[in-house]
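As a basis for the values below, the full set of heavy atoms in this structure was taken, side chains included, without hydrogen atoms, waters or symmetry mates. We're numbering straight along the sequence, starting at 1. Nothing here was measured: the structure is a model prediction, and the numbers come from that model.
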Amino acid sequence: MTGQPAPNWSSDEMMTIAAARALRDGARCFVGIGRPSTAANLARRTHAPDLVLIYESGTIGAKPGRLPLSIGDGVLAETADTVVPVPEIFNYWLQPGRIDVGFLGAAQIDRYGNINTTVIGDDYTDPKVRLPGAGGAPEIAASCREVIVIVQHSRRAFVDRVDFVTSVGFGSGPGDRERLGLTGRGPVLVITDLGLLEPDPRTAELTLTQVHPGVDPEQVRAATGWPLAVAAELRTTAPPTADELVALRDLQSPNRQA
């Protein structure tokens, strides 16, 4: 990689590239579909060629040549090191803590990193919006050694309290994961189009630790549905390099073949 910053890029591209950078080479990554899948596949094409992609459908070590349309996309099985039954993914790989990082999206996320992908509104039986649901996300959030979340930053998504807890982050604060018997560390990083948030080691509350180039911390606070804490030593994300941007755009090209 050249390491030279790319001249033109969007906030969505910055978010995806920041998410890809967060994945270390050689890690075992349980990948959610959508933005997590894009970032994970980008990481494999840039700095982490030995990143092991695991999808809920039972594919381990998938190496798709294009972005999969779903966890059931045939390209995942065709390019995987192995394919195992779905119960084995959960009972043998996920629940015993054999997967390093779970990579999830969210419709809502709150100050303690709890995720909602189930319903918007107070009435579960008659919600304002019924979302896709849980899938394997609750198990991923519970049992992966650590969790990374990627989501667009807005007051609609970043709420003081989620309407429904689909996947537990830190519950209502420190000690809740242990009380619930959840073995993983929980969300260690939330990546948005504005910056990066990490849980405070004392309070477990999400704290802004990094902003993307050109973003003011007050802009992030205004897009958050609670009084967002900002780290004393706030950092700025390195802009995308030309190589990262070329790799991402090639990956997202509608003409790309598997």
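Heavy-atom minimum distance, Pro199 versus Ala204: CB-O, 3.9 Å. Smallest separation of non-hydrogen atoms from Gly169 and Asn114: N-OD1, 2.8 Å. For Leu53 against Ala40, the heavy-atom pair with the smallest separation is CD2-CB, 3.8 Å. The minimum heavy-atom distance linking Ala80 with Ile60 is given by the pair CB-O, 3.6 Å. Residues Ala22 and Leu189 share a closest heavy-atom pair of CB-CD2, 3.7 Å. Considering every non-hydrogen atom in both Ala39 and Ala20, the closest pair reads O-CB, 3.3 Å.
Two different hydrophobic clusters hold Tyr124 and Ile120 under the rule that ILVMFWY side chains link at heavy-atom gaps under 4.5 Å. When the side chains of ILVMFWY residues are joined at heavy-atom separations under 4.5 Å, either directly or via intervening members, Ile148 and Leu94 end up in two distinct hydrophobic clusters. Side-chain heavy atoms closer than 4.5 Å link hydrophobic residues (I, L, V, M, F, W, Y) into clusters, and following such links, even through other members, never connects Val215 to Ile150. Under the 4.5 Å side-chain heavy-atom criterion for Ile, Leu, Val, Met, Phe, Trp and Tyr, Ile115 and Val151 are members of the same hydrophobic cluster. Side-chain heavy atoms closer than 4.5 Å link hydrophobic residues (I, L, V, M, F, W, Y) into clusters, and following such links, possibly through other members, connects Ile191 to Val31.
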task = Give the intermediate values and the outcome of side chain to side chain contact (heavy atoms under 4.5 Å, CB included) for residues Ile17 and Leu42.
result = CA-CA 8 Å; Ile17 289 168; Leu42 176 62; 3.8 Å; yes
Discussion item. For a side chain to side chain contact (heavy atoms under 4.5 Å, CB included) check, start with the C-alpha distance between Thr209 and Leu197, then their side-chain angles and the critical distance, and finish with the verdict.
Written reply: CA-CA 6 Å; Thr209 58; Leu197 297 86; 5.9 Å; no
Walk me through it: do Arg161 and Asp110 pass the test salt bridge (charged side-chain N to carboxylate O under 4.0 Å, His left out)?
CA-CA 5 Å; Arg161 183 176 181 178; Asp110 66 23; over 6 Å; no
ask   = Please walk me through it: do Val211 and Leu234 pass side chain to side chain contact (heavy atoms under 4.5 Å, CB included)?
value = CA-CA 7 Å; Val211 290; Leu234 186 65; 4.1 Å; yes
Would you check, one step at a time, whether the test side chain to side chain contact (heavy atoms under 4.5 Å, CB included) holds for Asp243 with Thr46?
CA-CA 8 Å; Asp243 287 350; Thr46 52; over 6 Å; no
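Partner of Ile109 under the side chain to side chain contact (heavy atoms under 4.5 Å, CB included) criterion, chosen from Asn116, Leu206, Val159: Leu206. Just one residue in the list Arg45, Arg249, Arg21 forms a side-chain hydrogen bond (donor to acceptor under 3.5 Å, both in side chains) with Glu244, and that residue is Arg21.
With ring centers used as reference points, Phe30 lies 6.0 Å or more from Phe103.
The side-chain heavy atoms of Leu182 and Val168, taken from C-beta on, include a pair separated by under 4.5 Å. Here the side chains of Pro64 and Val75 are in contact, with some heavy-atom distance below 4.5 Å. The shortest side-chain heavy-atom distance between Tyr55 and Ser70 does not fall under the 4.5 Å cut-off. The shortest distance between side-chain heavy atoms of Pro187 and Phe170 falls below 4.5 Å. Taking 4.5 Å as the limit, every side-chain heavy atom of Ile54 sits out of range of all side-chain heavy atoms of Cys29. Within the 4.5 Å cutoff, no side-chain heavy atoms of Glu13 are placed close to those of Pro240. Residues Ile99 and Trp93 have side chains in contact (heavy-atom distance under 4.5 Å, counting atoms from C-beta outward). The side-chain heavy atoms of Asn41 and Pro68, taken from C-beta on, include a pair separated by under 4.5 Å.
Other residues, nucleotides and ligands contribute only 12 or fewer heavy atoms inside 6.0 Å of the CG atom of Asp122.
A donor-acceptor pair under 3.5 Å is absent between the side-chain atoms of Glu88 and the main chain of Pro85, judged by distance alone. A donor-acceptor pair is defined here as one N or O able to donate and one able to accept, closer than 3.5 Å; no such pair exists between the side chain of Arg155 and the backbone of Ala223. Side chain of Thr192 to main chain of His153: no donor-acceptor pair is present (N/O by atom type, distance under 3.5 Å, no hydrogens or angles). The backbone N or O of Val101 sits nowhere less than 3.5 Å from a side-chain atom of Arg145 that would complete a donor-acceptor pair. Formation of a donor-acceptor pair under 3.5 Å by the Arg28 side chain with backbone atoms of Arg98 is found in this model. In this structure, Gln108 contributes its side chain and Val162 its backbone to no donor-acceptor pair below 3.5 Å. A donor-acceptor pair is defined here as one N or O able to donate and one able to accept, closer than 3.5 Å; no such pair exists between the side chain of His212 and the backbone of Ala238. In this structure a side-chain-to-backbone donor-acceptor pair under 3.5 Å is missing from Thr59 to Ala62.
Thr125 and Asp123 share a side-chain donor-acceptor pair at under 3.5 Å. For the 3.5 Å distance criterion, the side chains of Thr237 and Gln210 qualify, holding a donor opposite an acceptor. A donor atom on one side chain and an acceptor atom on the other are not found under 3.5 Å apart for Thr16 and Thr38. For the residue pair Asp12 and Gln152, a side-chain donor N or O sits within less than 3.5 Å of a side-chain acceptor on the partner.
From Cys144, atom SG reaches atom CG of Asp100 across 8.5 Å, with rounding to the nearest 0.5 Å. Between the CZ atom in Phe164 and the CG atom in Leu131 there is a gap of 10.5 Å [rounded to 0.5 Å]. Here the CG atom belonging to Asp200 is positioned 4.5 Å from the OG1 atom belonging to Thr207, to the nearest 0.5 angstrom. Note: Leu194 CG to Met15 CE = 9.0 Å, rounded to the nearest 0.5 Å. How far CD of Glu56 is from CG of Leu76: 12.0 Å, rounded to the nearest 0.5 Å. Taken from CG in Leu67 to CG in Asp73, the straight-line distance is 10.0 Å, to the nearest 0.5 Å.
The pair Arg185-Glu198 does not meet the salt-bridge criterion, since no charged nitrogen lies less than 4.0 angstrom from a carboxylate oxygen. Ion pairing between Lys128 and Asp163 fails under the 4.0 Å rule for side-chain N and carboxylate O. A salt bridge links Arg24 with Glu146: the closest approach of a Lys/Arg side-chain nitrogen to an acidic carboxylate oxygen falls below 4.0 angstrom.
Between Trp226 and Phe158, the ring planes are tilted. Angles from 30° to 60° get that label.
Tyr112 does not carry Arg177 over the face of its six-membered ring by the limits of under 6.0 Å from the centre and within 45° of the normal.
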